[in-house]
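Throughout, numbering of the chain's residues begins at 1 and tracks the sequence.
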Amino acid sequence: MDVDTRLLRYFATVAEEGSLTRAAQRLYVSQPALTKQIRQLESALGVPLFTRSRSGMALTEPGRALAARVPALLAGWQAALRETRSAARRADRILRVGFLASAANEATQPIIAAFARRRPDWRAEMRQAAWSNPTAGLADSDVDVALVRLPFPGQEALRVVELFSEPRCVALPATHPLAGRETIDFRELWDEPFVAAPPETGPWREYWLAADERDGHPVRVGAVTEQPDDWLTAIANGYGVALAPESAARFYTRPGVVHRPVTGVAPSRVAVAWAPADDADPVVRDFVRCCREVCAGA
């Protein structure tokens, strides 16, 4: 019988958390979707793995037996996957670089150029990730290194080096009453509907809604998007406003959308991240070194 490793990863997370809600937040999936996956695994195995109650999810005896084996199994598979992909990368001399939105802003091209000079026989392949994947592919070993925005869920399991920070701004429909202002205080936006990332992204979504900087004021969500183009369209159509890095005014312009400086929110931080298993990888280390040198001199 074959079992998808994704189901085992979901099972292990629920077992660790003892709660579907907390596990769903860690996995960046919805709670109904996670419940469906756990039931699919139980059906495949033919045994109940959890006892469900109002207090949470308790492992059954078969569940405890599986939970004892799954971490080593997943770690072994992850190591095999990473080694296989690393071998392919070395053979093709391609470094897969994940990124979100504008990556490292204007520093991106100088970083790639510096890497090309340091490794002339290698190529950096840029892979854009959706906002529903705030690790930009690192969590699933889809990339070797990533340019990311801090904070993001799961960063404690990765190596992260902050490169620089920039103020956040607000993107508004051009017809918005505040669009003509030079600067907007965040308090003036508390009652506005916001264009948000998917709920499964948890802390990432909360950060870009500035949920911790509202003094408990509830957030209104007018639309949910995963890609910059959809995000801009939702704003232009008047479904909401959105916080963004200041660089969004340069990288993501569209008729009907204006960007204005906003006060009362912390800046956005850009970082380079990689998996601990690649600490000794000379190509990954060279790319990180290029990131640090370019951004230090910017």
Side-chain angles (χ1 to χ4, degrees), residues 85-86 88-152 155 158-169 171 197 204 208 225-233 242-255 257-259 261 267-275 278-279 281-298:
R85 288 176 171 171
S86 293
R89 171 171 59 83
R90 289 191 298 271
D92 295 336
R93 296 187 178 275
I94 293 175
L95 181 73
R96 302 162 302 164
V97 182
F99 73 98
L100 295 169
S102 56
N105 300 350
E106 286 85 356
T108 305
Q109 281 68 48
I111 288 170
I112 301 304
F115 178 75
R117 289 191 297 272
R118 192 178 294 269
R119 292 273 178 176
D121 52 345
W122 281 70
R123 178 168 63 88
E125 181 180 275
M126 302 294 289
R127 298 186 177 185
Q128 185 172 16
W131 289 328
S132 56
N133 183 3
T135 69
L138 274 177
D140 297 319
S141 300
D142 289 333
V143 298
D144 307 299
V145 66
L147 296 167
V148 294
R149 293 275 172 176
L150 304 179
F152 63 87
Q155 71 181 69
L158 300 169
R159 303 288 192 236
V160 177
V161 172
E162 185 174 339
L163 300 175
F164 62 87
S165 65
E166 61 175 318
R168 281 188 281 179
C169 69
W204 168 263
W208 287 103
T225 62
E226 294 191 42
Q227 299 285 355
D229 282 347
D230 296 335
W231 177 78
L232 285 169
T233 299
L243 292 175
E246 184 181 60
S247 56
R250 303 188 298 274
F251 286 90
Y252 293 102
T253 59
R254 172 169 297 185
V257 177
V258 299
H259 297 82
S268 171
R269 295 175 290 149
V270 175
V272 59
W274 67 98
D278 288 331
D279 281 346
D281 187 306
V283 181
V284 170
R285 291 173 65 180
D286 277 350
F287 184 84
V288 173
R289 187 176 296 113
C290 291
C291 289
R292 301 181 78 160
E293 291 174 355
V294 168
C295 293

Worksheet item: Looking at side-chain heavy atoms only, is the closest gap between Val145 and Arg96 below 4.5 Å?
Response: no
Worksheet item: Does Arg254 CZ have over 12 foreign heavy atoms under 6.0 Å away?
Response: yes
Worksheet item: If you measure from the Lys or Arg side-chain nitrogens to the Asp or Glu carboxylate oxygens, is any gap between Arg118 and Glu293 under 4.0 Å?
Response: yes
Worksheet item: Will you find, in the side chains of Thr225 and Asp230, an N or O donor that is under 3.5 Å from an N or O acceptor?
Response: no
Fill in: Parallel, tilted or perpendicular: ring planes of Trp231 versus His259, cut at 30 and 60 degrees
tilted
Worksheet item: Counting distance only, does the side-chain N/O of Gln155 pair as donor-acceptor with the main-chain N or O of Phe152 below 3.5 Å?
Response: yes
Practice prompt. Please round to the nearest 0.5 Å and tell me the distance separating atom CD1 of Ile111 and atom CG of Leu147.
Written response: 5.5 Å
Practice prompt. Ignoring hydrogens and angles, state whether a donor on the side chain of Ser165 or Arg269 is under 3.5 Å from an acceptor on the partner side chain.
Written response: no
Discussion item. Just so I know, are the side chains of Leu158 and Val148 near enough to count as touching, which here means a heavy-atom distance under 4.5 Å?
Written reply: no
Discussion item. Rounded at 0.5 Å granularity, tell me how far CD in Glu226 sits from CG in Asn133.
Written reply: 9.5 Å
Worksheet item: Taking the side chain as C-beta and beyond, is there a heavy-atom pair between Pro228 and Gln128 under 4.5 Å?
Response: yes
Worksheet item: Between the main-chain N or O of Asp281 and the side-chain N or O of Asp278, is there a donor-acceptor pair closer than 3.5 Å?
Response: no
Worksheet item: What are the two closest non-hydrogen atoms of Trp131 and Pro134, and how far apart are they?
Response: O-CD, 3.6 Å
Worksheet entry | Worked check of side-chain contact (heavy atoms from CB on, under 4.5 Å) between Thr253 and Leu232 | CA-CA 8 Å; Thr253 59; Leu232 285 169; over 6 Å; no
Worksheet item: Any side-chain heavy-atom pair from Val272 and Leu163 closer than 4.5 angstrom?
Response: yes
Discussion item. Using every non-hydrogen atom in the two residues, find where Leu100 and Ala129 come nearest and quote the distance to one decimal.
Written reply: CD2-O, 3.6 Å
Item to complete: Please assess Val97 against Val143 for the test side-chain contact (heavy atoms from CB on, under 4.5 Å), listing each intermediate value before the final yes or no.
Response: CA-CA 6 Å; Val97 182; Val143 298; over 6 Å; no
Discussion item. Measuring only between side-chain heavy atoms, which start at C-beta, is Ile112 closer than 4.5 Å to Cys290?
Written reply: no
Item to complete: Evaluate side-chain contact (heavy atoms from CB on, under 4.5 Å) for Val161 paired with Arg292, printing each intermediate quantity in order.
Response: CA-CA 8 Å; Val161 172; Arg292 301 181 78 160; 3.9 Å; yes
Practice prompt. Any chance you could measure Thr233, atom OG1, to Gln227, atom CD, to the nearest 0.5 Å?
Written response: 11.5 Å
Discussion item. Would you compute the distance between atom CZ of Arg123 and atom CG of Leu95 and round it to the nearest 0.5 angstrom?
Written reply: 10.5 Å
Worksheet item: Hey, does Phe164 have a side-chain heavy atom less than 4.5 Å from the side chain of Asn105?
Response: yes
Practice prompt. Decide yes or no for Val283 and Arg119: does some side-chain heavy atom of the first lie under 4.5 Å from some side-chain heavy atom of the second?
Written response: yes
Worksheet entry | For Val294 against Ala107, the heavy-atom pair lying closest together | CG1-O, 4.0 Å
Worksheet entry | Under-4.0 Å salt bridge between Asp279 and Arg159 | yes
Discussion item. Tell me whether Arg149 is salt-bridged to Glu166, with the criterion being a basic N under 4.0 Å from an acidic carboxylate O.
Written reply: yes
Worksheet entry | Pairwise side-chain contact, Trp208 with Pro245, heavy-atom cut-off 4.5 Å (strictly under) | yes
Item to complete: From the options Phe115, Trp122, Trp274, select the one residue that forms a ring pair (Phe, Tyr, Trp, His ring centres under 6.0 Å) with Phe287.
Response: Phe115
Discussion item. Main chain of Pro261, side chain of Arg168: is a donor-acceptor contact present, judged purely on distance under 3.5 Å?
Written reply: no
